[in-house]
Asker: 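One structure is given below, represented as structure tokens, and several questions about it will come after.
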2 protein chains.
Amino acid sequence: MKKKATLNDIAQRLNLTKVSISKALRDHPDISEATKKKVKEIAREIGYRPNLIARSLTSSKTQTIGVVVPKIAHTFSAQVVAGIQRYANSKGFVIVLTVSDENPELEKKHIESLVSMQVEGLLVSVSMTTKETEIYNWIREMQIPLVFFDRYIPDLGFNSVVIDDRKAAKDAVGHLIKSGCRKIAHLAGYNHVSIGRQRRQGYEEALLEHGIQPDPRMVIEGEVGEDAGYRGFKELLARNIEMDALFSVTFPVGLGSYVAMREIDPSMIDRIEMLAFGDSGIRGIVPYPHYYVEQPGKEIGRKAAKLLLDEIEGNAKPEDRLVYVPTRFLETDSDLQVTEIELDES
Amino acid sequence: MKKKATLNDIAQRLNLTKVSISKALRDHPDISEATKKKVKEIAREIGYRPNLIARSLTSSKTQTIGVVVPKIAHTFSAQVVAGIQRYANSKGFVIVLTVSDENPELEKKHIESLVSMQVEGLLVSVSMTTKETEIYNWIREMQIPLVFFDRYIPDLGFNSVVIDDRKAAKDAVGHLIKSGCRKIAHLAGYNHVSIGRQRRQGYEEALLEHGIQPDPRMVIEGEVGEDAGYRGFKELLARNIEMDALFSVTFPVGLGSYVAMREIDPSMIDRIEMLAFGDSGIRGIVPYPHYYVEQPGKEIGRKAAKLLLDEIEGNAKPEDRLVYVPTRFLETDSDLQVTEIELDES
DNA sequence: TTTTTTAAATTAACCGTTTAACTTAGCAAA
DNA sequence: TTTGCTAAGTTAAACGGTTAATTTAAAAAA
């Protein structure tokens, strides 16, 4: 890579000092119009571009935010990142994207490296198994703006942008029950992860509210990928669980169970109502999931970014507050039309 | 945000100079073991983290690469970014992600801003309508490492990592013909965009090779989204085109035509063989596309990142070379099993 | 005519870190 | 006793840019 032109290079060509060049390029009134014109001309001629690294050093502003996601090659993550990117960009910020791959140590390393890079704030979706919060405590003490999205750690003093998993799960399962289902199994996430815990809680609340006693044997805790769904469903069958509906914690889990059904006994696909969080990313063409809670990825990203930038720009304080982004409850009917189901506020 | 601890802060606490601290933390032999120990202790105690911005200024290395994609909320882009991210990360680099939204001016702005940020290299997938190459000429003159991926501009002196669109299209369409199709329509991309041009070229070559005269009326040029597919298919019908197969330039275009078919006459779905580039992102559950050319996003990302980092580390020269990543040709059969079709090298 | 103001620059200092060159005390060798 | 060497630092300068304080000459006001 060639050495890039600097203020000094322009200065020498014009017998001026770099300070004058700096001022000229930023239209500072100290400099005469004639000089400004010459300076800008030379700047263009030799392809001068300001070195933002150097500028950052004095201004201590990098116009940069760090993003940490557990995965990127998934529809939902990609949507969120798109939402973040767009909002940040509209405010003149650029994002540095890192992926933890569901690994808490990598997550921590990325955060440290982003802080070292002097990002002005962090947007983090914590990995499944994160338990150590030391780094987050340090971030809070340093008052580095941070907003969690999708997956968060409570009581740490940060804002989080999430969907109301508990309520959405409760409403959705409630709808299943009202439609006649009684034996609803649940392929759940881990209890120590917010989405796992809250979706299960909503599930149990819905059952109880309709006078059905939750049966722990009908719930299987596990990972949130397709494999876990495949294995989880087989485990349900091994336990001799009878069911008329299956609530999967995520789309991939549901997909895994769907594959298992097709393999074992395709008639189950018609007999068992499928409900899952998240969608396939393509609408109106896939028969599954029959019922699903749509997670508005872009909107989550946008809101998280907005909250963060408000904090960076000093228009807001961190608050340990959960910001809920509304979800929609959708049904794919027999001719693959997708329609929203309005749930009456109970 | 609180002021972060600096070398000077440590130095004052120990009555040393910042240089000694810098050396101590980097295990420079100038410093005694006893001092190093003390320095490191204080550093940990006050939560010192090196300021990479300052370090970059002296080293002129940022360990950062800039990525420009036209979209991010699409399976393929997300896959590519995942591949890039993973490889870059394994080499200690971090990525700055920007999205051009298919807008050439935004693309140019992003590139300029990334260069100003002193990224050590660029990975770019050009937007559909990019025609102005001035910025790329400048990048070449400055010898800033750049690798195109997926969509590239030829003859500019940069490496590009792509799939062999022409050959893959030719092979796939050839397979359709061998399976008995004669009237194959094509919803194409624009001719001035590499993927559009080359996929169409492959399509025409396959026809000619099997003695079928390409009919321009059976080809519709346009955008590469679902809308374009929907409108394009209707346009084919409006032209009274009869077809037994339809080759769509991208998955979303095919999806759009699929939706149009379902709307107008669902029996077309069975009568017309569907072929498209790209997949739905979920396998074994969607009946469409029947035949598809799988684009190995992660592998494209990985290879592009590798090429770029080799260049950054001085182990390779830019060459105006096309690196082809192999594609697979897949078929979804009636019970939704996906199998690869081996094509005999002709 | 002398003083004050203003325009258009310059010099100095700093951001946090690194590299190169220089200092100092203590010790060993001649 | 003097010289030379080494260990363990320090000082100076640089990276590219910004801000604050200062200079200089010319123009305007007294």
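In what follows, every chain begins at residue 1, and chains take the letters A, B, ... in the order their sequences are listed.
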Asker: Just report the end-to-end axis angle for the helix from C:dT1-D:dA30 to C:dA30-D:dT1, five pairs per end, to 10 degrees.
Answerer: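 If I round to tens, the end axes sit 70° apart.
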Asker: Side-chain contact test, heavy atoms from C-beta onward, threshold under 4.5 Å: evaluate it for B:L52 versus B:Q63 and give yes or no.
Answerer: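 B:L52 does not reach B:Q63 side chain to side chain.
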Asker: For B:T6, which contact category applies under a 4.0 Å heavy-atom criterion: base, sugar-phosphate, or nothing?
Answerer: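 Counting heavy atoms under 4.0 Å across all strands, the contact made by B:T6 is with sugar-phosphate only.
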Asker: Could you pull out the closest heavy-atom pair between A:Y324 and A:I163, with the gap in Å?
Answerer: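 The answer is CD2-C, 3.7 Å.
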Asker: For the rings on B:F76 and B:H74, is their centre-to-centre separation under 6.0 Å?
Answerer: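 Centroid separation for B:F76 and B:H74: 6.0 Å or greater.
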Asker: Among the nucleotides D:dT19, C:dA21, C:dG16, which one has an atom lying closest to any side-chain atom of B:K23?
Answerer: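 Nearest to the side-chain atoms of B:K23, counting from C-beta on, is C:dA21.
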Asker: Check the pair A:R86 / A:N89 against side chain to side chain donor-acceptor pair (under 3.5 Å), numbers first and verdict last.
Answerer: CA-CA 5 Å; A:R86 176 174 291 233; A:N89 194 236; over 6 Å; no
Asker: Could you point out which residue of A:E107, A:K71, A:E102 forms a side chain to side chain donor-acceptor pair (under 3.5 Å) with A:S127?
Answerer: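 Among the candidates, only A:E107 passes.
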Asker: B:N51 CG to C:dG16 C1': how many Å, rounded?
Answerer: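 Those two atoms, CG and C1', are 6 Å apart.
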Asker: Reckon A:K61 touches a base, only the sugar-phosphate, or nothing at all at heavy-atom distances under 4.0 Å?
Answerer: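 Answer is nothing: A:K61 stays at 4.0 Å or more from every strand.
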Asker: Side chain of B:K18 only, please: which of C:dT11, C:dT17, D:dG16 is the nearest?
Answerer: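 Nearest to the side chain of B:K18 among the choices is C:dT17.
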Asker: Got a sec? Which of residues 25-41 of chain B come in under 4.0 Å of DNA chain D, heavy atoms?
Answerer: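 The answer is B:D30, B:I31, B:S32, B:T35.
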Asker: Measure from the side-chain heavy atoms of B:L16 and tell me the nearest of D:dG9, C:dT10, C:dG16.
Answerer: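 Among D:dG9, C:dT10, C:dG16, the one nearest the side chain of B:L16 is D:dG9.
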Asker: For A:R302 and A:E299, run salt bridge (Lys or Arg N to Asp or Glu O under 4.0 Å): C-alpha distance rounded to whole Å, both residues' side-chain angles, the deciding distance at 0.1 Å, then the answer.
Answerer: CA-CA 5 Å; A:R302 208 195 68 86; A:E299 183 55 19; 3.6 Å; yes
Asker: Just compare C:dT17, D:dT18, D:dT11 and give me whichever is closest to any side-chain atom of B:T17.
Answerer: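 Among C:dT17, D:dT18, D:dT11, the one nearest the side chain of B:T17 is D:dT11.
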Asker: To the nearest Å, give me how far apart CG (B:L14) and P (D:dG9) are.
Answerer: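 Taking atom P of D:dG9 as the reference, CG of B:L14 is at 10 Å.
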Asker: In sequence, state the C-alpha distance, the side-chain angles, and the governing distance for A:S20 and A:T17, and then conclude on side chain to side chain donor-acceptor pair (under 3.5 Å).
Answerer: CA-CA 5 Å; A:S20 304; A:T17 64; 3.3 Å; yes
Asker: Calculate the interatomic distance between B:L57 atom CG and D:dG16 atom C1'; express it in whole Å.
Answerer: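 Roughly 6 Å, once rounded to whole Å.
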